[in-house]
Amino acid sequence: MAEAIKMAELNLKENNGGPFGAIIVKDGKIIARGSNKVTVMNDPTAHAEIVAIREACRNLDSFQLAGCDIYCSCEPCPMCLGAIYWARPDRIFFAANRHDAANAGFDDEFIYSELALPVADRKIITSQLLREKALEVFDKWITLDRKTPY
């Protein structure tokens, strides 16, 4: 955990983005590091956890992180938490919590509350289009014999 916090602090010193760091460990060794790069990469998905997950998956040549632990300097936001669950590490550890982040100007409560709303009630206009056409693709996936389930 100290290394994840160190990554967050180093990110501030180097003016590379927000105060967030993450590391991924497998078999007691750090296999990936990430720090927040949202503003330097102009990428809203470049959170520390996402950066670390991408690096770990490249290093393991896998889209899953079984046998790994992720250490985050702060409780993961909804996007990062979703990515972590998709990556399937064994455990998640975090230092500061979402309320600490909100006090520093990083308030994810809006996103948490939006996710709980029906699609029609969300702040960003969201509409469903061409569902039947999309279902045709899912039907093809279901019968595909060369797929890799995930």
Side-chain angles (χ1 to χ4, degrees), residues 1-26 29-131 133-135 137-138 141-142 147-150:
M1 183 58 72
E3 188 65 22
I5 294 169
K6 183 174 144 186
M7 295 285 303
E9 188 170 16
L10 183 61
N11 209 43
L12 294 181
K13 287 180 184 173
E14 295 178 354
N15 198 28
N16 283 330
F20 302 97
I23 62 164
I24 298 177
V25 174
K26 184 172 178 116
K29 296 185 180 183
I30 296 173
I31 62 163
R33 301 170 194 276
S35 56
N36 183 283
K37 302 290 184 209
V38 170
T39 57
V40 295
M41 294 179 70
N42 293 318
D43 179 353
T45 70
H47 290 199
E49 298 90 338
I50 303 293
V51 171
I53 288 168
R54 289 173 179 161
E55 181 179 318
C57 288
R58 277 191 305 272
N59 290 342
L60 295 175
D61 195 28
S62 174
F63 56 86
Q64 295 187 341
L65 299 177
C68 296
D69 295 327
I70 183 165
Y71 293 81
C72 312
S73 66
C74 186
E75 182 177 359
C77 75
M79 175 187 68
C80 292
L81 191 58
I84 291 167
Y85 269 84
W86 279 113
R88 295 179 177 91
D90 290 356
R91 297 182 294 185
I92 305 166
F93 300 96
F94 64 88
N97 64 39
R98 71 171 98 168
H99 307 292
D100 301 323
N103 289 337
F106 300 95
D107 192 355
D108 298 325
E109 194 54 43
F110 171 73
I111 298 170
Y112 284 107
S113 62
E114 284 285 291
L115 291 173
L117 294 174
V119 173
D121 295 338
R122 294 181 183 163
K123 298 289 184 235
I124 296 177
I125 297 169
T126 305
S127 302
Q128 187 175 22
L129 303 171
L130 298 176
R131 178 173 181 254
K133 202 73 168 146
L135 289 177
V137 179
F138 279 127
W141 167 259
I142 291 167
K147 64 185 168 201
T148 302
Y150 59 97

| If every non-hydrogen atom of Ile111 is compared with every non-hydrogen atom of Pro78, which pair is closest and at what distance? | CG2-CG, 3.7 Å
| said: Restricting to side-chain contact (heavy atoms from CB on, under 4.5 Å), what partner residues turn up for Ala95, sequence neighbours left out? | reply: Met1, Ile5
| query | Do His99 and Glu75 pass the side-chain contact (heavy atoms from CB on, under 4.5 Å) test, and can you show the C-alpha distance, the side-chain angles, and the key distance before you say yes or no? | reply | CA-CA 9 Å; His99 307 292; Glu75 182 177 359; 5.7 Å; no
| Phe106 side chain reached by Pro19 side chain, heavy atoms, under 4.5 Å | yes
| Side chains of Cys57 and Ile53: closer than 4.5 Å at any heavy-atom pair? | yes
| said: Please list all pairs meeting side chain to side chain donor-acceptor pair (under 3.5 Å) that have one or both residues in residues 29-58, counting only residues at least two apart or in different chains. | reply: Glu3-Arg33, Asn11-Ser35, Asn11-Lys37, Ser35-Lys37, Asp43-Thr45, Thr45-Arg54
| task | Can you see which heavy atom on Ile24 is nearest to which on Ala56, and at what distance? | result | CD1-CB, 3.7 Å
| For Lys147, all residues meeting side-chain contact (heavy atoms from CB on, under 4.5 Å), sequence neighbours excluded | Trp141, Leu144
| Do other residues, nucleotides or ligands put more than 12 heavy atoms under 6.0 Å from the CD1 atom of Ile125? | no
| Crowding at NZ, Lys26 (>12 non-hydrogen neighbours, <6.0 Å) | yes
| Closest heavy-atom contact between Ile92 and Pro76? | CG2-CG, 4.3 Å
| field | For Glu14, all residues meeting side-chain contact (heavy atoms from CB on, under 4.5 Å), sequence neighbours excluded | value | Leu10, Asn16
| Residue list, salt bridge (charged side-chain N to carboxylate O under 4.0 Å, His left out) with Asp69, at least two apart or on another chain | Arg91
| task | Just grab all the salt bridge (Lys or Arg N to Asp or Glu O under 4.0 Å) pairs involving residues 114-124, residues at least two apart or on different chains. | result | none
| message | Return the CG to SG distance between Asp108 and Cys80, rounded to the nearest 0.5 Å. | response | 8.5 Å
| Taking atom CD of Glu9 as the centre, does the number of heavy atoms from other residues, nucleotides or ligands within less than 6.0 Å exceed 12? | no
| said: Going by the rule salt bridge (charged side-chain N to carboxylate O under 4.0 Å, His left out), which residues pair with Lys133 if we only count those two or more places apart in sequence or in a different chain? | reply: Glu136
| query | Got Cys68 and Ile31 here, is their nearest side-chain heavy-atom distance under 4.5 Å? | reply | yes
Going by atom type alone, with no hydrogens or angles, which donor-acceptor pairs under 3.5 Å involve a side-chain atom of residues 82-89 and a protein atom two or more places apart or on another chain?
| from | atom 1 | to | atom 2 | distance (Å) |
| --- | --- | --- | --- | --- |
| Arg88 | NH1 | Trp86 | O | 3.3 |

| field | Non-neighbouring partners of Ser62 that pass side-chain contact (heavy atoms from CB on, under 4.5 Å), sequence neighbours left out | value | Leu60, Gln64
| message | Could you check whether atom CG of Leu135 has more than 12 heavy atoms from other residues, nucleotides or ligands sitting under 6.0 Å from it? | response | yes
| For the student: nearest non-hydrogen atoms of Phe94 and Ala96, plus distance | CD1-O, 3.2 Å
| said: Tell me the closest heavy-atom pair linking Ala4 and Ala22, and the distance in Å. | reply: CB-CA, 4.2 Å
| field | Any residue meeting ring-ring contact (aromatic ring centres under 6.0 Å, His included) with Tyr112, in chain and number order, not counting sequence neighbours | value | none
| Which value, rounded to the nearest 0.5 Å, describes the distance between Phe93 atom CZ and Cys72 atom SG? | 10.5 Å
| Can you list the residues that meet the side-chain hydrogen bond (donor to acceptor under 3.5 Å, both in side chains) rule with Asp100, with sequence neighbours excluded? | none
| remark: Tightest non-hydrogen contact, residues Ala8 and Gly21, listed as CB-N, 3.6 Å
